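Bear in mind that the values here come from a model prediction, so they are computed numbers and not experimental data. All residue numbers refer to positions in the sequence shown, counting from 1. Start at 1 and go down the list; that is how both ligands and their atoms are numbered.
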Amino acid sequence: MNYEEIAREKFEKLKTKKSVLILSVESSCDETSIALVENGRNVLSNVVSSQIEIHKLFGGVVPEVASRNHIKNIDGVLKEALKNAGKTLKDVDAVAVTYGAGLIGALLVGVNFAKTLAYALQVPLIAVSHVHGHIGANYISHKDLTPPFLCLMVSGGHTAIVKVEGYCKFQLVGSTVDDSVGECFDKVARVLGLSYPGGPNIDKLAKQGENVVKFNYKPPLRDSYNFSFSGLKTAVVNFVHNKEQKNEEFSKADVACTFQELVTDELVGKTMRACKELEEHKLVVAGGVGANSRLREKLQESCKQEGVEVFMPDLKFCTDNAAMIGSIAYYYVLSGTGLADLTLTAKPTVEI
Ligand code: KG4
Ligand code: ZN
């Protein structure tokens with residue numbers, strides 16, 4: 001039998017295997033991460049090697065620099081992940097990898113590494129969507145969580161409301177028509193002179209400010225489930241540039257706070273309306289912006305008022321990590337999807 005035949009046979013057998021150990025690889029942006037996850041919920045190890053300190057120097061992720069650092073780090077990350085889990089490569093039942101969405105050069109490092117491992121170990125290779133991975137983060141943090149539910153997906157690459165009808169059954173309800181919410185946080189942070197990544201720094205600064213700034217902005221797309229953040233981004237950038245050109249004093253903390261209030265109102269307002277109109281009583285948050293303290297606070301409050309049960313990943317599973325990829329990969333296996341062959345390549349964008 002050739003590799004493809006062996007992998008298919010083993011993939012089928014995994015559906016009924018009692019304990020399935022997946023080694024997962026994530027390299028879509030600036031985190032090199034490898035995890036060992038058992039049965040989608042039990043994280044044995046999750047090593048995340050962040051390149052933030054390197055990209056900070058440039059004010060954002062430089063794709064070529066990210067790829068080179070993935071190459072440099074990935075071997076060490078694998079060794080540490082195996083050591084932390086107390087496992088060897090012989091224990092691995094399948095290798096899962098993020099194939100998209102993300103930076104093509106960065107993704108290719110992970111994809112080629114995973115292909116090589118899967119072939120050398122003669123185990124199935126599972127191609128995972130990064131977006132689905134962010135949803136999977138919740139299965140780690142909430143052991144009893146099961147679909148169906150509504151998901152608010154908020155990351156650097158995606159902003160969407162998604163109906164999760166089954167572990168691998170997704171229906172898009174609304175999405176951004178321009179920038180993602182993470183991009184918007186990062187751009188506003190940059191114009192305020194905060195370092196990369198902007199989101200956490202806006203979050204921190206906003207705590208010292210007040211919601212008192214008047215931007216030239218009206219929330220767009222009121223009756224739609226779609227989002228638009230480019231207008232708000234431009235309004236904040238214009239406000240700051242205007243003040244700077246006129247040499248007028250202004251409070252950066254107030255700008256951060258007002259901006260964060262507007263963004264979170266937009267996200268929470270549309271999500272709660274979707275819950276009501278679509279009669280969804282379970283809400284799940286996914287993606288890096290899901291770490292935002294004000295968003296978490298407002299969602300908790302609104303969901304309590306509306307009788308919606310809300311689930312959010314632990315902070316360490318909100319931003320990019322391989323454990324979330326290993327989690328959803330297990331449900332790909334149970335659903336019989338995602339088996340890839342050695343022609344697998346990286347994709348800069350993926351559909352939800
Ligand atoms: O999900 P993620 O780690 O990567 C993508 O898949 O894009 O999301 C990264 C984004 C960045 O834009 C970052 O600034 C934002 O998540 N982020 C936050 C916070 N933590 C991370 N945004 C707002 N508040 C935070 N606390
Ligand atoms: Zn992500």
Side-chain angles (χ1 to χ4, degrees), residues 24-33 35 46 48-52 55-56 59-61 63 66 97-103 106-107 110 128-138 151-160 162 175-176 179-192 194-207 229 232-233 236 256-257 259-268 284-299 312-325 327-328 346-350 352:
S24 50
V25 181
E26 157 64 40
S27 70
S28 64
C29 192
D30 60 344
E31 324 280 2
T32 320
S33 183
N46 180 37
V48 182
S49 167
S50 173
Q51 303 175 13
I52 285 179
H55 297 285
K56 234 181 206 174
V61 179
V97 64
T98 304
Y99 73 94
L103 302 170
L107 285 164
V128 176
S129 152
H130 184 80
V131 191
H132 298 172
H134 274 301
I135 298 172
N138 283 280
C151 174
L152 173 64
M153 165 68 57
V154 278
S155 73
H158 290 85
T159 307
V162 184
S175 68
T176 181
D179 298 341
S180 77
V181 64
E183 270 177 276
C184 193
F185 265 98
D186 292 342
K187 177 72 191 179
V188 167
R190 202 170 317 144
V191 84
L192 290 177
L194 304 175
S195 69
Y196 174 84
N201 289 323
I202 294 264
D203 198 346
K204 223 184 278 165
L205 185 62
K207 290 191 193 341
F229 292 107
L232 177 58
K233 183 182 78 180
V236 179
C257 177
F259 160 73
Q260 187 172 267
E261 287 305 311
L262 288 167
V263 170
T264 49
D265 278 350
E266 187 70 6
L267 293 171
V268 175
V284 164
V285 181
V289 182
N292 184 267
S293 63
R294 196 65 186 116
L295 178 65
R296 292 172 87 96
E297 214 169 75
K298 282 187 182 173
L299 281 173
M312 305 178 197
D314 295 324
L315 290 182
K316 67 175 173 193
F317 295 122
C318 282
T319 43
D320 293 348
N321 66 87
M324 67 184 199
I325 304 300
S327 170
I328 202 72
K347 289 211 170 130
T349 56
V350 291
I352 284 191

Ligand 1 versus H134, non-hydrogen atoms closer than 4.0 Å: side chain, backbone, both, neither?
side chain
What is the closest protein heavy atom to [atom], and at what distance does it sit?
| atom | result |
| --- | --- |
| atom 22 (N) of ligand 1 | G199 CA, 3.3 Å |
| atom 10 (C) of ligand 1 | G156 N, 3.7 Å |
| atom 15 (C) of ligand 1 | V289 CG2, 3.9 Å |
| atom 20 (N) of ligand 1 | G288 O, 3.4 Å |
| atom 6 (O) of ligand 1 | H130 NE2, 3.0 Å |

With the Zn ion (ligand 2) at the apex, how many degrees lie between NE2 of H134 and OD1 of D320, rounded to 10 degrees?
100°
Among the heavy atoms of P200, does any lie under 4.0 Å from an atom of ligand 1?
yes
For H158 and ligand 1, answer yes if some heavy atom of the residue is under 4.0 Å from a ligand atom, otherwise no.
no
Is there a side-chain contact between [X] and [Y] in this structure, where contact means two heavy atoms from C-beta onward sitting under 4.5 Å apart?
| X | Y | answer |
| --- | --- | --- |
| F229 | V263 | yes |
| M153 | V131 | yes |
| L192 | V236 | no |

At less than 4.0 angstrom from any non-hydrogen atom of G157, what atoms of ligand 1 do you find?
7 (O)
Under 4.0 Å to a heavy atom of D203 - the qualifying atoms of ligand 1, by number
24 (N), 25 (C), 26 (N)
Which atom names give the shortest non-hydrogen contact between G156 and E183, and what distance separates them?
O-CG, 3.9 Å
Tell me whether P197 has any N or O atom under 3.5 angstrom from an N or O of ligand 1.
no
Looking only at distances, please establish whether an N/O atom of ligand 1 is found under 3.5 Å from an N/O atom of G182.
yes
The N/O/S atom of H130 lying closest to the Zn ion (ligand 2) is NE2
If only atom types and distance count, is the side chain of [X] paired as donor or acceptor with the main-chain N or O of [Y] below 3.5 Å?
| X | Y | result |
| --- | --- | --- |
| S327 | A323 | no |
| H130 | G157 | no |
| R296 | G290 | yes |
| D186 | G199 | yes |

Any chance NZ of K316 has more than 12 other-residue heavy atoms, nucleotides or ligands included, within less than 6.0 Å?
no
Ion pair present between D265 and K298, side-chain N to carboxylate O less than 4.0 angstrom?
yes
Carboxylate-amine/guanidinium contact R294 D203, below 4.0 Å:
no
Flag H158 as yes if one of its N/O/S atoms falls below 2.8 Å of the Zn ion (ligand 2), otherwise no.
no
Could you confirm whether C29 has any N/O/S atom lying under 2.8 Å from the Zn ion (ligand 2)?
no
Could you pull out, from V263, D320, T159, the option with a heavy atom nearest to atom 4 (O) of ligand 1?
D320
Between D186, D30, N292, which one has a non-hydrogen atom sitting closest to atom 13 (C) of ligand 1?
D186
